[in-house]
Amino acid sequence: MGIFSNMFAKPTLEGHELFKGKYHDGNVHCECIMQNGERVFDGLFFYEYKQKNLLSDTLIDRAEGTFSMNRKDGFWKIEHHSEHRDRELTAEFKQGRLEGKVDYKSVETDYMSRTSSSFLSFSVHEGHVIGDIHGSFGGKKFSGFCDDNGCPDGPWTIEIVSSDDTLSHVDCEMWSHGTLMSSYSKMTKTKKQNELHPYIRKTFSEMVNGELIEMLFIVRRGTQFNKIEVPHK
């Protein structure tokens, strides 16, 4: 069921009007005001884009949230659906910037019908990731932590599972307020520890600033940044 199935029939804010029509090749239903001849989004916003290709595969983008004078504000939910991939992002905004809880998940099916899933859950404050981070990369469990300045701190780990679904080894980067202290892989059974080229923080940062930011720009208007830094020394 699309997000337009239960839509408000009149503006919820005084002095506003409804705009229903085409927006970025999709359909939009939102509240707005006219200011200096420009339509300013202010209030509830719903967007849906659908496309079919020659193979009859359907691509759907959806977004719903609230604008405050052309800036994303409050809770937003953004979705992307195609034949082989489903992605969903929920995030909190404050005047166009991420501020609060962020949850992202992706489920991808290859041409052999094998499914791979990834997800991230973390918080953002003043442009930095802070606190606990949980997630998975291609089904591999991931956890980390950033201090109040957004720097990685403590253990960042990825759990590697064997073909029999038992824990094979844990890759770990040990951080101290943005400084990498060690990077190693520890075998579960033998407890043997091998030096490891660091990749965990980099993987997290690339996913956030790649797939996640890409989702935000399904509706480009009102996003006041282009990158989330995870600083390190």
Side-chain angles (χ1 to χ4, degrees), residues 71-76 78 87-106 108 116-162 167-218 220 222-233:
R71 292 183 178 181
K72 293 184 177 77
D73 201 69
F75 179 83
W76 275 74
I78 303 170
R87 294 190 286 169
E88 181 179 296
L89 172 69
T90 58
E92 296 178 75
F93 280 82
K94 184 176 181 181
Q95 288 296 300
R97 300 185 66 85
L98 284 175
E99 184 70 25
K101 190 71 180 295
V102 178
D103 289 294
Y104 170 74
K105 61 183 178 181
S106 170
E108 189 168 3
S116 175
S117 62
S118 299
F119 79 92
L120 288 175
S121 181
F122 58 94
S123 295
V124 175
H125 178 60
E126 295 184 350
H128 294 296
V129 177
I130 62 168
D132 291 323
I133 307 166
H134 299 287
S136 72
F137 302 126
K140 300 173 184 176
K141 187 178 179 181
F142 157 72
S143 65
F145 180 85
C146 284
D147 63 19
D148 291 342
N149 294 316
C151 296
D153 192 40
W156 282 50
T157 62
I158 288 182
E159 298 182 358
I160 313 298
V161 176
S162 300
L167 183 63
S168 168
H169 59 278
V170 177
D171 291 346
C172 178
E173 292 174 8
M174 187 61 69
W175 293 87
S176 177
H177 303 288
T179 299
L180 181 63
M181 308 302 291
S182 61
S183 179
Y184 59 87
S185 182
K186 187 173 184 179
M187 304 303 295
T188 303
K189 291 183 179 180
T190 65
K191 308 300 181 183
K192 184 179 179 181
Q193 191 167 294
N194 301 311
E195 189 174 340
L196 179 70
H197 182 76
Y199 72 95
I200 302 175
R201 184 210 63 85
K202 184 174 183 289
T203 301
F204 170 76
S205 182
E206 288 177 349
M207 188 171 180
V208 168
N209 290 295
E211 296 182 19
L212 194 149
I213 295 296
E214 184 181 83
M215 290 287 286
L216 290 180
F217 288 115
I218 284 177
R220 179 171 288 274
T223 301
Q224 303 298 309
F225 63 96
N226 293 308
K227 189 174 183 180
I228 298 173
E229 298 289 346
V230 186
H232 67 292
K233 300 172 186 177

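Any value given below was found using the heavy atoms of this structure, including those in side chains, with hydrogens, waters and symmetry copies removed. All residue numbers refer to positions in the sequence shown, counting from 1.
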Item to check | Euclidean distance, R201 CZ relative to E206 CD, rounded to 0.5 Å | outcome: 8.5 Å
Checklist outcome for this item: One should read off an interatomic distance between S143 OG and I133 CD1, to the nearest 0.5 angstrom, of 9.0 Å
Next on the checklist: Is there a side chain to side chain donor-acceptor pair (under 3.5 Å) between E229 and H128? Walk through the geometry before answering.
Outcome noted: CA-CA 6 Å; E229 298 289 346; H128 294 296; over 6 Å; no
Main chain of [Y], side chain of [X]: is a donor-acceptor contact present, judged purely on distance under 3.5 Å?
X	Y	answer
S136	G138	no
S205	V230	no
N149	C151	no
E173	I200	yes
T203	Y199	yes
D73	Q95	yes
N209	I228	yes
E99	E126	yes
S118	S106	no
T157	C172	no

Checklist entry - Is the distance between the ring centroids of F204 and F137 under 6.0 Å? => result no
Item to check | Pair W156 + F142: ring centers closer than 6.0 Å | outcome: yes
Item to check | Distance-only side-chain donor-acceptor flag, Y104 / E211, under 3.5 Å | outcome: yes
Close side-chain approach of [X] and [Y], heavy atoms under 4.5 Å:
X	Y	answer
D132	H134	yes
E92	L98	no
I160	K140	yes
K72	T223	yes

Checklist outcome for this item: Sorted by chain and number, sequence neighbours left out, salt bridge (Lys or Arg N to Asp or Glu O under 4.0 Å) with R87 holds for E214
